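First comes the structure, then the notes that go with it.
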Amino acid sequence: MTSKLTVREKLGFGVADVGASLTYIAINTWLFYFLVNIVGLQPLLAGTAFVLGRVFDAITDPVMGVLSDRLKPKLGRKPFILWGSVPLGISFALLWLVPDASQTVKFLLSSFLFLLFSLLYTVVQMPYMALIPELAESYDERTSLSSYRAAFGTFASLFAVALPPIIVSFISPGDLVQSRPVAWLVMGVLFGVVTSMSYLVMAFSTKEPKRIEVSLPSSSYLGEYVSAFKIYGFPQMFFLFIVVTMGLMITNSILPFFLESNLRISGGDQSIVLGTLFIVAIVVFPLWNIAAARFGKRASLNVGLVIYAISLFLLAWFTPPGDISAFLIVTTIVAGVG
């Protein structure tokens, strides 16, 4: 019989996902907009910098997983979180600090800062995620612990999409596209501080269980990476995850441009639209859990994707431009459900 985690322990562990989701969603939603409209980087260069960071992240994640697993048990995983949380917050703030320079300098600096953030995010986040099965040994406990983490992450995602234009507009009133760069830097610093604090709170409030030293097979990194694709069902899940994640990331990055340039919605009003999207998603989250339990995860996923696709079609082709309309709100609600 495994010991159950207390509510306090679950809250202490889950709070770190505030930093994880806050930075991840803010970057997916606002960094491309910032690089193009505020920094003045050409869209192709801004997109290239963005893709480089994400590809680098995909490469370093499994490397960090292998490194974290193969450390001596007495070191554990928490040192990565303790020593990496503050640099991670600083690197996020630096993403929103790009000097007025040539296109080449802006591109190189933006790429470097995004690569730096991606590396530090991996160093902190991978050991954090690896703690879940070590803290909760049973299936039900892992589900419960992950639910606490997801709850923190969902609310942080809401703030990540809705708060940046509010903070920027407060410091630099007027059109978002003409806002001062310092306003974005202030947002980056605030989010960076919250990110570092959330990981530190988790590290100091969560007691890492002792790891039993086992003899791991000697194999190359490439061999371990390839072996994962031999697991039944993993290749299908891997490529499904890649396709869905890319679709969501592209939508998130383009949405601020579309709301501003096509629908002519100001920065403050964008917060209302984006906030509604995530509030609805939070509200219907338990309903999708019930649907998945009753009809299966695959059926629920397919229905959700269809609903989301319909909402994007309605948004792109039938939403009238100008002020926030009833049609836009209804479409946003449908998107949130999807």
Side-chain angles (χ1 to χ4, degrees), residues 19 21-57 88-118 120-121 156-195 248-271 273-275 277-278:
S21 297
L22 196 67
T23 54
Y24 189 84
I25 299 299
I27 286 174
N28 283 350
T29 307
W30 292 109
L31 183 62
F32 190 57
Y33 179 93
F34 170 77
L35 292 176
V36 173
N37 283 347
I38 308 303
V39 175
L41 197 58
Q42 295 176 4
L44 179 60
L45 294 178
T48 301
F50 201 93
V51 170
L52 286 175
R54 286 308 183 206
V55 171
F56 181 70
D57 189 36
L88 176 64
I90 294 174
S91 69
F92 179 81
L94 291 176
L95 283 174
W96 313 91
L97 177 62
V98 179
D100 186 13
S102 66
Q103 289 288 313
T104 301
V105 172
K106 290 178 181 178
F107 168 70
L108 292 176
L109 184 56
S110 299
S111 300
F112 170 76
L113 291 175
F114 198 11
L115 291 174
L116 176 63
F117 169 81
S118 299
L120 291 171
Y121 187 87
S157 298
L158 168 63
F159 293 121
V161 297
L163 273 185
I166 294 177
I167 296 173
V168 171
S169 298
F170 178 79
I171 298 173
S172 180
D175 293 338
L176 195 65
V177 70
Q178 297 176 342
S179 57
R180 292 180 294 153
V182 66
W184 292 88
L185 179 59
V186 171
M187 180 277 297
V189 171
L190 291 175
F191 278 23
V193 170
V194 173
T195 296
L248 293 175
M249 286 175 57
I250 292 171
T251 303
N252 277 14
S253 296
I254 291 178
L255 195 55
F257 290 97
F258 178 80
L259 292 176
E260 180 179 77
S261 301
N262 192 283
L263 299 187
R264 299 194 293 275
I265 296 176
S266 63
D269 289 340
Q270 285 191 38
S271 296
V273 176
L274 296 171
L277 176 69
F278 273 80

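Here the structure is a predicted model, which is why all the values come from computation and not from measurement.
Residue Thr23 forms a side-chain contact (heavy atoms from CB on, under 4.5 Å) with just one option from Leu88, Thr195, Leu95, and that option is Thr195.
In this structure, Trp184 and Phe34 have tilted ring planes: the angle between them lies in the 30° to 60° band. Using cut-offs of 30° and 60° for the angle between ring planes, the Trp30 and Tyr33 rings count as perpendicular.
Of the inter-residue distances, the one linking Leu115 atom CG with Ser110 atom OG reads 10.5 Å to the nearest 0.5 angstrom. Here the CZ-OG distance, from Phe258 to Ser253, works out to 15.5 Å after rounding to the nearest 0.5 Å. From Asp175, atom CG reaches atom CG of Asn37 across 11.0 Å, with rounding to the nearest 0.5 Å. Residue Tyr121 holds its OH atom at 7.0 Å from OH of Tyr24, rounded to the nearest 0.5 Å. The CG atom of Leu176 sits 11.5 Å away from atom CG of Asp269, with the distance rounded to the nearest 0.5 Å. Rounding to the nearest 0.5 Å places CG of Leu22 at 10.5 Å from CG of Leu158.
Of all heavy-atom pairs spanning Arg180 and Ser172, the tightest one is N-OG, 3.1 Å. For Gly188 against Phe92, the heavy-atom pair with the smallest separation is O-CD2, 3.4 Å. For Ala46 against Val36, the heavy-atom pair with the smallest separation is CB-CG2, 3.8 Å. When all heavy atoms of Ala26 and Ala160 are compared, the pair lying nearest together is N-CB, 3.7 Å. What you find for Leu113 and Leu94 is that their closest heavy atoms are CD1-O, 3.1 Å. When every heavy atom of Gly53 is checked against every heavy atom of Ser118, the shortest pair comes out as O-OG, 3.3 Å.
Crowding of Phe278 atom CZ: a count of heavy atoms from other residues, nucleotides or ligands under 6.0 Å exceeding 12.
Side-chain contact between Lys106 and Asp100 is present, with at least one heavy-atom pair separated by less than 4.5 Å. Within the 4.5 Å cutoff, side-chain heavy atoms of Leu35 are placed close to those of Leu31. Looking at Asn28 and Arg54, their side chains come closer than 4.5 Å, going by heavy atoms from C-beta outward. Between Phe114 and Phe56, every side-chain heavy-atom pair lies at or beyond the 4.5 Å cut-off. Considering only heavy atoms from C-beta on, Thr29 stays 4.5 Å or farther from Leu255 through its side chain. In this structure, the side chains of Pro181 and Val39 stay at 4.5 Å or more apart for every pair of heavy atoms. Glu260 is not listed as a side-chain neighbour of Ile265, based on a closest heavy-atom distance of 4.5 Å or more. In this structure, the side chains of Ile27 and Phe50 come closer than 4.5 Å at one or more pairs of heavy atoms.
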Practice prompt. Take Met187 and Phe170, measure what side chain to side chain contact (heavy atoms under 4.5 Å, CB included) needs, and give me the verdict at the end.
Written response: CA-CA 11 Å; Met187 180 277 297; Phe170 178 79; over 6 Å; no

Next on the checklist: I'd like to know whether Phe257 forms a ring-ring contact (aromatic ring centres under 6.0 Å, His included) with Phe32, so could you lay out the CA-CA distance, the side-chain angles of the two residues, the decisive distance to 0.1 Å, and finally the verdict.
Outcome noted: CA-CA 9 Å; Phe257 290 97; Phe32 190 57; 5.5 Å; yes

*Where do Val161 and Leu277 land on the side chain to side chain contact (heavy atoms under 4.5 Å, CB included) test, with the steps shown first?*
CA-CA 10 Å; Val161 297; Leu277 176 69; over 6 Å; no

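Proximity of a side-chain donor or acceptor of Gln103 to a complementary backbone N or O of Gly40 within less than 3.5 Å is detected.
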